[in-house]
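Below you will find the structure I want to go over with you.
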Amino acid sequence: MVQKLSKNAKKVWRTRATIAFVLTSLVCGGIYIFFPFIAMMVMGVNVVTFLFTVLVAVPYVYYVNSLEVRKDGLTITKGVLMRKRMNILAKKIQYVELLQTPVQRLFKVYTVAFHTAGATVYVSQIDSDMGYQFRAYKE
């Protein structure tokens, strides 16, 4: 069964983009005192980048990322320019870890880390219900 990320994933990504936009705007305000032309140029690039991220990149990233849960393991597909598909067998998973940033805590989503002998695979923006199901996946 192929599943999408949490519907709150878009909110998390847009909130992060807004925080970065506000911080960059504050820096541009400080730079404006000494170098007004450079500050205006940086602010213009900042606005264009913010609008592109919020209106184009976030919906597309949400569309291309997916997770397939099977009895014998997981298949994770992610990536925009370089598509990456990872298969994790359930018997290879050593433990599952749930992580949350402050922004994720606000929207009740998790990043799930699957630790295997060879690597750690992260799946971001998972609903809290699904996160706890994954935590019980190995138990």
Next item on the list: State which residues pass side-chain contact (heavy atoms from CB on, under 4.5 Å) with Ala17; sequence neighbours excluded, sorted by chain then number.
Entry: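 side-chain contact (heavy atoms from CB on, under 4.5 Å) list for Ala17, sorted by chain: Phe50, Thr53, Val54.
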Margin query: So for atom CE, which belongs to Met86, do other residues, nucleotides or ligands contribute more than 12 heavy atoms lying within a distance under 6.0 Å?
Written below: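 Check passes, neighbour count above 12.
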Notebook entry, point to check: Taking the side chain as C-beta and beyond, is there a heavy-atom pair between Val121 and Ile88 under 4.5 Å?
Noted result: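 A side-chain contact exists here, since the closest heavy-atom pair is under 4.5 Å.
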Item checked: Cluster check Val58, Tyr60: I/L/V/M/F/W/Y, side chain < 4.5 angstrom ->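 As far as the 4.5 Å side-chain criterion goes, Tyr60 and Val58 are connected within one cluster.
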Next item on the list: Answer whether the closest heavy-atom distance between the side chains of Thr120 and Thr116 falls below 4.5 Å.
Entry: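 No, their side chains stay 4.5 Å or more apart.
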Margin query: For residues Trp13 and Val109: do they belong to one hydrophobic cluster (side chain heavy atoms under 4.5 Å, members Ile, Leu, Val, Met, Phe, Trp, Tyr)?
Written below: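 Hydrophobic grouping puts Trp13 apart from Val109.
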Next item on the list: Measure the shortest side-chain to side-chain distance between Asn87 and Arg70 over non-hydrogen atoms and say whether it is less than 4.5 angstrom.
Entry: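 SC-SC contact between Asn87 and Arg70 confirmed.
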Item checked: Intermediate values then yes/no, side-chain contact (heavy atoms from CB on, under 4.5 Å), Thr75 and Arg85 -> CA-CA 7 Å; Thr75 301; Arg85 187 177 186 142; 3.3 Å; yes
Notebook entry, point to check: Do Val61 and Val12 share a hydrophobic cluster (ILVMFWY, side-chain heavy atoms under 4.5 Å, transitive)?
Noted result: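 Cluster IDs for Val61 and Val12 differ.
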Check: Can you find a side-chain donor-acceptor pair between Thr77 and Arg83 that sits under 3.5 Å?
Finding: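 There is no such pair between these side chains.
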Notebook entry, point to check: Are Leu23 and Val27 close enough, and set up right, to give a side-chain contact (heavy atoms from CB on, under 4.5 Å), and what steps lead you there?
Noted result: CA-CA 6 Å; Leu23 291 176; Val27 170; 5.8 Å; no
Item checked: Donor-acceptor contact below 3.5 Å, side chain Asn8 vs main chain Phe107 ->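 The answer is yes, because a donor-acceptor pair under 3.5 Å joins these two groups.
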Notebook entry, point to check: Is the closest side-chain heavy-atom distance between Ile19 and Val103 below 4.5 Å?
Noted result: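 A side-chain contact exists here, since the closest heavy-atom pair is under 4.5 Å.
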Margin query: Tell me the closest heavy-atom pair linking Ala90 and Lys71, and the distance in Å.
Written below: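 Of all heavy-atom pairs spanning Ala90 and Lys71, the closest is CB-O, 4.1 Å.
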Check: Looking only at heavy atoms, which two atoms of Ile126 and Ser6 are closest? And how far apart?
Finding: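 For Ile126 versus Ser6, the nearest heavy atoms are C-CB, 4.2 Å.
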Margin query: For the OH atom of Tyr122 and the CZ atom of Phe114, what is their distance to the nearest 0.5 Å?
Written below: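 Tyr122 OH to Phe114 CZ: 12.0 Å, rounded to 0.5 Å.
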Check: Does the pair Lys11 and Leu106 meet the rule for a side-chain contact (heavy atoms from CB on, under 4.5 Å), with working shown?
Finding: CA-CA 10 Å; Lys11 293 178 185 176; Leu106 181 68; over 6 Å; no
Next item on the list: Apply the test side-chain contact (heavy atoms from CB on, under 4.5 Å) to residues Met130 and Tyr110: give CA-CA distance (whole Å), side-chain angles for both, the deciding distance (0.1 Å), then the verdict.
Entry: CA-CA 9 Å; Met130 191 182 300; Tyr110 288 92; over 6 Å; no
Margin query: So, using side-chain contact (heavy atoms from CB on, under 4.5 Å) as the criterion, who are the partners of Val47 when residues are at least two apart?
Written below: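 Result, side-chain contact (heavy atoms from CB on, under 4.5 Å) vs Val47: Phe21, Met43, Leu51.
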Notebook entry, point to check: Where the side chain of Tyr62 meets the backbone of Leu5, is there a donor-acceptor pair that is under 3.5 Å apart?
Noted result: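 Checked: pair present.
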Next item on the list: Check the side chains of Gln125 and Thr111 for a donor-acceptor pair under 3.5 angstrom, ignoring hydrogens and angles.
Entry: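 On atom types as modelled, these side chains do not qualify, holding no pair under 3.5 Å.
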Checklist line | Same apolar cluster (I L V M F W Y, side chains within < 4.5 Å links), Val123/Leu99 | finding: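 Looking at the clustering, Leu99 is in a separate group from Val123.
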Notebook entry, point to check: If Ile, Leu, Val, Met, Phe, Trp and Tyr residues are connected whenever their side-chain heavy atoms lie under 4.5 Å apart, and connections chain through other members, are Val80 and Leu67 in the same group?
Noted result: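 As far as the 4.5 Å side-chain criterion goes, Leu67 and Val80 are connected within one cluster.
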Next item on the list: Answer yes or no: is there a side-chain heavy-atom contact under 4.5 Å between Ser25 and Asn46?
Entry: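 Yes, close enough: below the 4.5 Å cut-off.
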Notebook entry, point to check: Quick one: OG on Ser128 to CD on Gln100, what's the gap to the nearest 0.5 Å?
Noted result: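 So the OG of Ser128 and the CD of Gln100 are separated by 8.5 Å.
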Next item on the list: Starting at CD of Gln94, measure out to NE2 of His115 and round the result to the nearest 0.5 Å.
Entry: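 NE2 of His115 is found 9.5 Å from CD of Gln94.
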Next item on the list: Could you tell me which non-hydrogen atom of Ala39 sits nearest to which non-hydrogen atom of Cys28, and how far apart they are?
Entry: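 Heavy atoms of Ala39 and Cys28 come nearest at CB-O, 3.5 Å.
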Item checked: Euclidean distance, Gln104 CD relative to Thr101 OG1, rounded to 0.5 Å ->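 If we round to the nearest 0.5 Å, Thr101:OG1 and Gln104:CD are 3.5 Å apart.
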